[in-house]
There are 2 protein chains.
Amino acid sequence: MKRIKVKKGQILQQIGDLNTKGYQVESGLLRSYSIDEKGKEHIFMFAPEGWMVSDNVPRTEPSELCIDVLEDAVLLQVEKNFDIEINISKLVKRMAVLQKRIIMLMSASAIERYEHFIETYPDIVQRVPQRMIASYLGITPEALSKVKRERLSKK
Amino acid sequence: MKRIKVKKGQILQQIGDLNTKGYQVESGLLRSYSIDEKGKEHIFMFAPEGWMVSDNVPRTEPSELCIDVLEDAVLLQVEKNFDIEINISKLVKRMAVLQKRIIMLMSASAIERYEHFIETYPDIVQRVPQRMIASYLGITPEALSKVKRERLSKK
DNA sequence: ACTATTTCTTAATCTAGGTTAATGCATAGG
DNA sequence: CCTATGCATTAACCTAGATTAAGAAATAGT
């Protein structure tokens, strides 16, 4: 386990890399994302201060997520065997987040997912470009623009 | 931790219940699902032999999933504190499944999700009604019918 | 400060999948 | 055995969001 400083734009993990590390974020902002066969990015999660990112595939398999730096960050880099999994309560919280995300993707419209997102992560909205929020929500930037316009006209 | 036998149709957990238990499936088939504000069910996961189901929200919060029995089953009922979380490698595997599911929901079409489903869970397809597979895939039974028809005409 | 590049928004069109409704099949219960 | 309820499929239509394209606004690089 060691503390590292990383710069905006830096890529910590490429898709296909052996996936032995996780990152605990002390300051800054990371994201993890997948890339589909058409080359389109889909943001899996944002990780601001206090969060932890890692690919959740087994340690022995190639990663299916790319991890990069959105804001200069200080990280604790942890080897997956030991350090991470010791903190079970954090693991369990991450599961809860994933569960919520699946439920939202299956049952909520783009508008509802956006509402939920800004309630749950009000600060992130300020810190990342719109197109990344769209990517996280599973819609296009154009559709997000429309969603925001509709929200304004209603409230 | 105790072993229990349950009958098809039995409900093990209601949405809103305090969520202190998990179930390890020795034989039979369970499912967990959410219900949206329109009353529509969305299957979160199937749990055949060897799998484990539980709601992933923290133990102290009301559950957001309902768990019921699709085929008569023998279960190990575990209290969430102790027993479950001891088996970390199983926890980690569940995370990998959730991750894959999110990526599929964001980046794959209904046809692709269906293909992936029958590859990953070939036996489940035989064991549950079509409408439940549709629900798991996040589409309507009508759309699943169309998907299957298109597959047949192509191959 | 000026240009180049990326980002955001709008509008027009297209499409995957939803909705509704009708029909044929099972399965369950009397 | 007959009816009732639920399941799967088909077809006609509808809608949320994708795609394409173009312009405006913001950012970054020199």
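The chains referred to below are lettered A, B, ... by the order of the sequence lines, with proteins before strands, and numbering in each begins at 1. Since the structure is predicted, the reported quantities are computational estimates derived from the model, not experimental observations.
Out of C:dG17, D:dC7, C:dC8, the shortest distance to the side chain of B:Ile111 is found at C:dG17. Side-chain proximity of B:Ser145 to D:dG17, C:dT10, D:dA8: nearest is D:dA8. For A:Arg131, taking side-chain heavy atoms from C-beta onward, the closest of the listed nucleotides D:dA8, C:dT7, D:dA18 is C:dT7. Checking D:dG17, D:dA8, C:dG17 against every side-chain atom of A:Ile139, the shortest atom distance belongs to D:dG17.
The pair A:Glu142-A:Arg131 fails the salt-bridge criterion, with no side-chain N (NZ, NE, NH1 or NH2) lying under 4.0 Å from an Asp/Glu carboxylate O. A salt bridge links A:Arg127 with A:Glu49: the closest approach of a Lys/Arg side-chain nitrogen to an acidic carboxylate oxygen falls below 4.0 angstrom.
In this entry the distance linking CD1 of B:Ile133 with C1' of D:dC7 reads 13 Å, nearest Å. For the pair A:Leu144 CG and D:dA16 C1', the computed distance is 14 Å after rounding to whole Å. Atom NZ of A:Lys146 is separated from atom C1' of D:dT20 by 13 Å (rounded to the nearest Å). Regarding A:Glu71, its CD atom lies at a distance of 14 Å from the P atom of D:dT27, rounded to whole Å. With rounding to whole Å, A:Met106 atom CE is found 16 Å from C:dG17 atom P. Rounded to a whole Å, the CD atom of B:Glu142 is 13 Å from the P atom of D:dC7. Distance, A:Glu112 CD to D:dG17 P: 9 Å, rounded to whole Å. For the pair B:Lys38 NZ and C:dT19 P, the computed distance is 7 Å after rounding to whole Å.
A:Thr140 has no side-chain polar atom (N or O) that falls below the 4.0 Å cut-off from OP1 or OP2 of D:dG17. Neither OP1 nor OP2 of C:dT9 sits under 4.0 Å from any side-chain N or O of A:Arg149.
Using a 4.0 Å heavy-atom distance criterion, B:Lys40 is classed as a sugar-phosphate-only contact. Among the heavy atoms of the strands lying under 4.0 Å from A:Lys148 are primed sugar atoms or P, OP1, OP2 only; no base atom is included.
Residues B:Gln99 and A:Asp55 bring a donor and an acceptor atom of their side chains to less than 3.5 Å of each other.
Taking the six-membered ring where the residue is Trp, the centroids of A:Phe117 and A:Tyr136 are separated by under 6.0 Å.
The backbone N or O of B:His116 sits nowhere less than 3.5 Å from a side-chain atom of B:Glu119 that would complete a donor-acceptor pair.
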